[in-house]
Asker: 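One structure is given below, represented as structure tokens, and several questions about it will come after.
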2 protein chains.
Amino acid sequence: MAKAGSGNSCGSRAEKVSLPDVAWAEELAKLTWALAHPARVRIVRLLLQRDSCLCGEIVEAMPLAQSTVSQHLKILKESGLVQGEIDGPRVCYCIHPKAMQRLKQLVAEL
Amino acid sequence: MAKAGSGNSCGSRAEKVSLPDVAWAEELAKLTWALAHPARVRIVRLLLQRDSCLCGEIVEAMPLAQSTVSQHLKILKESGLVQGEIDGPRVCYCIHPKAMQRLKQLVAEL
DNA sequence: TATGTATATCGTTAATCGACGATAAGCGTT
DNA sequence: AACGCTTATCGTCGATTAACGATATACATA
């Protein structure tokens, strides 16, 4: 740990700190949590690169069991970042553009 | 980015899917994981708004025990997003601008 | 040195995550 | 209806998280 020095940028003001918006924090936390695992980042990346992807293709691209990938997809769906569309016996996944845009906006506004 | 495929957005091409960069996914996952909890989002927000903040002020601003806040701060430090500087008997926390910029860049590039 | 303040760490507990294999459910085809 | 293929869910297990109170550590000052 650095030794502090005096004239640093740490203003030691005594004013009361106002809370950031709780709902805002929860929204961002929910979205970032969806990306808080390398496997989910890779899935999202895959979907963005390919625009859409059948579930089986995602499973093939990942070094994980099918059930594990399915779990990650469920988490991504719950976050809103990803949508799944039933296509016959298969499921086609794609990014939900609005949610992705919202995530980017919230992070950019940090 | 591949051909948009025929008609519907779900291209059912059979081509092999290439893996996204693993290291890249891990870097982004590590940074997003740091924000994957509302308390940590609020701490980061606080630090960005006030530029820097004494640990005690953060504790006061959060509805959590001091030890819990300290744990979240540790996680944020480990992610690189936040730095702590010892200032006498206190610790002054601030955002690490480069790490924050990196996070924004990675998310924006998604 | 002793004391008080500020922060970090420890130890515990309940809950959740992440992984897997096994199995169920949905759909198209025979 | 029965089968095969694809995907989701279940059950389990070990590891990790998040929370807290208690305690240790570091620093400034009396």
Side-chain angles (χ1 to χ4, degrees), chain A residues 1-6 8 10-14 17 22 25-26 29-30 32-44 46-47 52-79 82-94, chain B residues 10-14 17 22 25-26 29-30 32-43 46-47 52-79 82-94:
Chain A
M1 308 262 204
K3 34 203 68 195
S6 26
N8 59 26
C10 293
S12 30
R13 331 285 303 292
V17 168
V22 174
E26 282 172 1
K30 180 181 170 186
T32 51
W33 187 77
L35 286 183
H37 190 290
R40 293 196 290 270
V41 172
R42 289 169 68 184
I43 291 172
V44 166
L46 201 56
L47 293 178
S52 72
C53 212
L54 295 178
C55 176
E57 294 176 308
I58 299 172
V59 171
E60 272 184 51
M62 303 288 299
L64 293 170
Q66 176 266 327
S67 57
T68 305
V69 172
S70 191
Q71 276 283 92
H72 285 303
L73 285 166
K74 185 180 181 182
I75 288 170
L76 287 168
K77 266 192 294 183
E78 283 169 358
S79 78
V82 160
Q83 288 175 307
E85 205 182 327
I86 296 179
D87 178 23
R90 308 157 199 253
V91 176
C92 179
Y93 284 98
C94 61
Chain B
C10 291
S12 35
R13 326 292 304 293
V17 168
V22 175
E26 282 173 1
K30 180 182 171 186
T32 51
W33 185 76
L35 285 184
H37 190 291
R40 294 197 289 271
V41 172
R42 288 169 67 185
I43 291 173
L46 200 56
L47 292 178
S52 70
C53 212
L54 296 177
C55 176
E57 294 177 308
I58 300 172
V59 170
E60 272 183 52
M62 303 287 299
L64 294 170
Q66 176 266 326
S67 57
T68 305
V69 173
S70 192
Q71 277 283 90
H72 284 303
L73 285 167
K74 184 179 180 182
I75 288 170
L76 287 169
K77 266 192 294 184
E78 283 170 358
S79 79
V82 160
Q83 288 176 309
E85 210 180 326
I86 296 178
D87 178 24
R90 310 159 199 254
V91 176
C92 179
Y93 284 98
C94 61

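Just the heavy atoms: all of them, side chains too, but no hydrogens, waters or symmetry mates, feed the values below. Protein chains get the first letters and strands the later ones, always in sequence-line order, with residue 1 at the start of each.
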Asker: From CD of Glu85(A) over to P of dA8(D), roughly how many Å is that when rounded to an integer?
Answerer: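 Computing the Glu85(A):CD to dA8(D):P distance gives 13 Å.
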
Asker: Once you round it to whole Å, what is the distance between C1' of dG4(D) and CZ of Arg90(A)?
Answerer: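 After rounding, the reported distance stands at 12 Å.
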
Asker: Between Tyr93(A) and dA8(D), is there a contact of a side-chain N or O with OP1 or OP2 at under 4.0 Å?
Answerer: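 Result: yes.
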
Asker: Are the side chain of Arg40(A) and the backbone N or O of Trp33(A) linked by a donor-acceptor pair below 3.5 Å?
Answerer: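 Indeed, once roles are kept as given, a pair shorter than 3.5 Å links the two residues.
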
Asker: Between the protein and nucleotides 16-25 of chain C, which nitrogen or oxygen pairs come in under 3.5 angstrom?
Answerer:
from, atom 1, to, atom 2, distance (Å)
dG18(C), OP2, Arg40(A), NH1, 3.2
dA19(C), OP1, His37(A), NE2, 3.4
dA19(C), OP2, His72(A), NE2, 2.5
dC20(C), OP2, Ala65(A), N, 3.0
dC20(C), OP2, Thr68(A), OG1, 2.9
dG21(C), N7, Ser67(A), OG, 3.2
dG21(C), O6, Ser67(A), OG, 3.1

Asker: Determine whether Leu73(B) and Cys55(B) make a side-chain contact, defined as any pair of heavy atoms from C-beta on separated by less than 4.5 Å.
Answerer: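 They are in contact (side-chain heavy atoms under 4.5 Å apart), so the answer is yes.
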
Asker: If you only use heavy atoms from C-beta on, which nucleotide in dC27(D), dT7(D), dA8(C) is closest to the side chain of Pro89(B)?
Answerer: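 Per side-chain heavy atoms of Pro89(B), the pick is dC27(D).
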
Asker: Grab the CG-P distance between Asp87(B) and dA6(C) for me, whole Å please.
Answerer: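 That distance rounds to 13 Å.
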
Asker: Where do Lys77(A) and Tyr93(A) come nearest, in terms of heavy atoms and distance?
Answerer: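 Reported closest heavy-atom pair: NZ-OH, 3.7 Å.
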
Asker: Which heavy atom in Val69(A) sits nearest to a heavy atom in Leu64(A), and how many Å separate them?
Answerer: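 Heavy atoms only, the tightest pair is CG2-CB, 3.9 Å.
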
Asker: Please state how far atom CG in Leu54(A) lies from atom P in dG26(C), giving the value in whole angstrom units.
Answerer: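 About 20 Å, once rounded to whole Å.
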
Asker: What integer distance in Å separates Met62(B):CE from dC20(D):P?
Answerer: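 In whole Å, dC20(D) P and Met62(B) CE are 10 Å from each other.
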
Asker: Counting C-beta onward and ignoring hydrogens, is there a side-chain heavy-atom pair between Ile58(B) and His72(B) closer than 4.5 Å?
Answerer: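 No. Closest side-chain heavy atoms not under 4.5 Å.
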
Asker: Rounded to whole Å, how long is the line connecting atom CG of Leu73(B) with atom C1' of dA8(C)?
Answerer: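 Nearest whole value for this atom pair: 10 Å.
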
Asker: Is there side-chain contact between Leu54(A) and Val91(A), with at least one heavy-atom pair below 4.5 Å?
Answerer: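 Not touching, per the 4.5 Å side-chain cut-off.
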
Asker: Distance check needed: dT5(C) P versus Glu57(B) CD, whole Å only.
Answerer: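 To the nearest whole Å, that distance equals 18 Å.
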
